[in-house]
Amino acid sequence: LKQVFNKDKTFRPKRKFEPGTQRFELHKRAQASLNSGVDLKAAVQLPSGEDQNDWVAVHVVDFFNRINLIYGTICEFCTEKTCPVMSGGPKYEYRWQDDLKYKKPTALPAPQYMNLLMDWIEVQINNEDIFPTSVGKCKEEVL
């Protein structure tokens, strides 16, 4: 279990919303609707009077946290030896390109690809220009 929470591993702690903020309240509303067995279409519908960018941001961060949790439970089984290619089955291979270190699409082992992907997403989520922490000030293009 200690290995799962190692900061150098892929698992990352959840990004949290500050209690008392509007985003915290939106997050609680989203959690309640998703956990209640309500129709998914209704659960993700923008609540009346809420900012669409804030609602989307809450769901993006929640999705990121859930993916981190899921990947954290399987990352010890997906090593460079057992998962030498990042793929979506036999027909699809994912290649990494970030225009920094990897200027062209590059085949990588799945764990390395996932680490780069999760790091990239975390940088986007923590970018105040894309996901500002003050409510109602998101840019139009989220990602």
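Source: prediction; values computed, not measured.
Checked by atom type and distance alone, the side chain of Gln97 never pairs as donor or acceptor with a backbone atom of Lys104 at under 3.5 Å. Panel note: side chain Asp62, backbone Val58; no donor-acceptor pair is recorded below 3.5 Å.
Under the side-chain hydrogen bond (donor to acceptor under 3.5 Å, both in side chains) criterion, Asn127 pairs with no residue at all, not counting sequence neighbours. Taking the side-chain hydrogen bond (donor to acceptor under 3.5 Å, both in side chains) definition, one finds that Tyr102 meets it with Gln112, sequence neighbours left out. By the side chain to side chain contact (heavy atoms under 4.5 Å, CB included) test, Pro84 is found to be paired with no residue, residues two or more places apart in sequence or in another chain being considered. Evaluation of the side chain to side chain contact (heavy atoms under 4.5 Å, CB included) rule for Leu46 yields Glu50, Gln52, Trp55 as partners, not counting sequence neighbours.
Once rounded to the nearest 0.5 Å, the distance linking CG of Leu108 with CG of Asn115 reads 10.5 Å.
Between Trp96 and Tyr113, the angle of the ring planes goes over 60°, which puts this pair in the perpendicular group of the 30/60° scheme.
Residues Ile130 and Phe63 are members of one and the same hydrophobic cluster, defined by side-chain heavy-atom contacts under 4.5 angstrom among Ile, Leu, Val, Met, Phe, Trp and Tyr. Note: the hydrophobic cluster containing Ile74 also contains Leu116 (ILVMFWY, side chain heavy atoms under 4.5 Å, direct or indirect links). Under the 4.5 Å side-chain contact rule for hydrophobic residues, Val85 and Met118 do not share a cluster.
No side-chain heavy atom of Thr106 sits less than 4.5 Å from a side-chain heavy atom of Lys101. Between Asp98 and Trp120, the closest side-chain pair of non-hydrogen atoms is not below 4.5 Å.
For residues 78-87, the side-chain hydrogen bond (donor to acceptor under 3.5 Å, both in side chains) pairs, not counting sequence neighbours, are Thr79-Thr82. For the salt bridge (charged side-chain N to carboxylate O under 4.0 Å, His left out) condition, the pairs that include at least one residue of residues 82-94, sequence neighbours left out, are Glu93-Arg95.
Between Ala110 and Cys78 the shortest heavy-atom distance is CB-SG, 3.7 Å.
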